[in-house]
Amino acid sequence: MVQAWYMDDAPGDPRQPHRPDPDRPVGLEQLRRLGVLYWKLDADKYENDPELEKIRRERSYSWMDIITICKDTLPNYEEKIKMFYEEHLHLDDEIRYILDGSGYFDVRDKEDKWIRIFMEKGDMITLPAGIYHRFTVDEKNYAKAMRLFVGEPVWTAYNRPADHVEARGQYVKFLAQTA
């Protein structure tokens with residue numbers, strides 16, 4: 001099962017867990033109220049997994065590719081890692097399925113506090129359009145992920161502040177309805 005918690009405010013390497021003491025865990029229901037969806041799948045059979053195909057069909061995830069995030073395979077690795085960790089939002093949902101390795105997605109809650117979601121092999125997540133978030137690998141510096149989209153991919157990130165973006169306005173309305 002996925003692990004999520006409120007982050008501490010300690011400075012330092014973002015690849016560290018940043019778990020506060022005492023721990024402040026976050027459950028799947030709290031993530032769902034933020035519009036974050038989660039599945040646990042068998043990453044060893046992603047190429048012909050009927051459960052993955054069912055999710056893709058039901059949610060219209062028609063496009064996909066695979067990215068390997070590590071120093072040896074990702075051009076401009078350090079620059080990309082910094083870019084992924086900039087707080088931003090997208091106009092479309094962000095769907096990621098970890099096929100190998102691990103990392104963290106951080107999302108903002110309703111009070112603008114960071115929740116860290118630890119993602120490892122077999123974890124699939126959907127972050128809703130308009131949610132402020134960021135990503136980093138953990139100390140292993142390696143993650144292989146499937147990126148899924150509804151239709152053609154749009155890679156544009158809108159760094160915070162982006163409250164003027166329509167997707168952000170729609171997301172804020174969604175949050176108000178789930179209060």
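Note that these values count all heavy atoms, side chains included, but never hydrogens, waters or copies made by symmetry.
Shown here are the side chain to side chain donor-acceptor pair (under 3.5 Å) partners of T136, two or more places apart in sequence or in another chain: there are none. In this structure H18 satisfies the ring pair (Phe, Tyr, Trp, His ring centres under 6.0 Å) test with no other residue, sequence neighbours excluded. A search for side-chain contact (heavy atoms from CB on, under 4.5 Å) contacts involving E29 returns R32, R33, not counting sequence neighbours. Taking the side chain to side chain donor-acceptor pair (under 3.5 Å) definition, one finds that S102 meets it with D138, sequence neighbours left out. Residues meeting the side chain to side chain donor-acceptor pair (under 3.5 Å) test with N159, sequence neighbours left out: none. Every residue was checked against the side chain to side chain donor-acceptor pair (under 3.5 Å) condition with R96, not counting sequence neighbours, and none meets it. With sequence neighbours excluded, the residues that form a side-chain contact (heavy atoms from CB on, under 4.5 Å) with A4 are V26, L31, I115, I117. Y132 is linked by a ring pair (Phe, Tyr, Trp, His ring centres under 6.0 Å) to nothing, counting only residues two or more places apart in sequence or in another chain. Contacts of F118 classified as ring pair (Phe, Tyr, Trp, His ring centres under 6.0 Å), with partners at least two apart in sequence or in another chain: Y104.
Annotation: K140, atom NZ; neighbour count of heavy atoms from other residues, nucleotides and ligands within 6.0 Å does not exceed 12. Within a 6.0 Å radius of CG in D13, more than 12 heavy atoms belonging to other residues, nucleotides or ligands are found.
Cluster membership check: V2 does not share its hydrophobic cluster with W5, using side-chain heavy-atom separations under 4.5 Å among Ile, Leu, Val, Met, Phe, Trp and Tyr.
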Quiz: residues 35-44 side-chain donor-acceptor pairs under 3.5 angstrom, not counting sequence neighbours:
{"unit_1": "Y38", "atom_1": "OH", "unit_2": "D123", "atom_2": "OD1", "d": "2.5"}
{"unit_1": "K40", "atom_1": "NZ", "unit_2": "K121", "atom_2": "O", "d": "3.0"}
{"unit_1": "K40", "atom_1": "NZ", "unit_2": "D123", "atom_2": "OD1", "d": "3.1"}
{"unit_1": "D42", "atom_1": "OD1", "unit_2": "D44", "atom_2": "N", "d": "3.1"}
{"unit_1": "D44", "atom_1": "OD1", "unit_2": "K121", "atom_2": "NZ", "d": "2.7"}

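Taking the side chain as every heavy atom from C-beta outward, V150 and R59 never approach each other to under 4.5 Å.
Q16 contributes atom CD, which lies 10.5 Å from atom CE of M7 (distance to the nearest 0.5 angstrom). Residue R147 holds its CZ atom at 15.5 Å from OH of Y61, rounded to the nearest 0.5 Å. For the atom pair L89 CG and R160 CZ, the distance stands at 9.5 Å (nearest 0.5 Å).
Under a 4.0 Å N-O distance rule, the pair K113/D109 does not qualify as a salt bridge.
With side-chain heavy atoms closer than 4.5 Å counting as contact, directly or through intermediates, Y142 stands alone and belongs to no larger hydrophobic cluster. The hydrophobic cluster around F149 extends to W63, W155, counting ILVMFWY residues whose side-chain heavy atoms fall within less than 4.5 Å of a member.
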Subject >> Verdict with supporting geometry, Y85 and D106, side chain to side chain contact (heavy atoms under 4.5 Å, CB included) >> reply: CA-CA 9 Å; Y85 199 66; D106 301 334; 3.6 Å; yes
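A side-chain contact (heavy atoms from CB on, under 4.5 Å) with M146 is found for one member of I67, L52, I98 and no other, namely L52.
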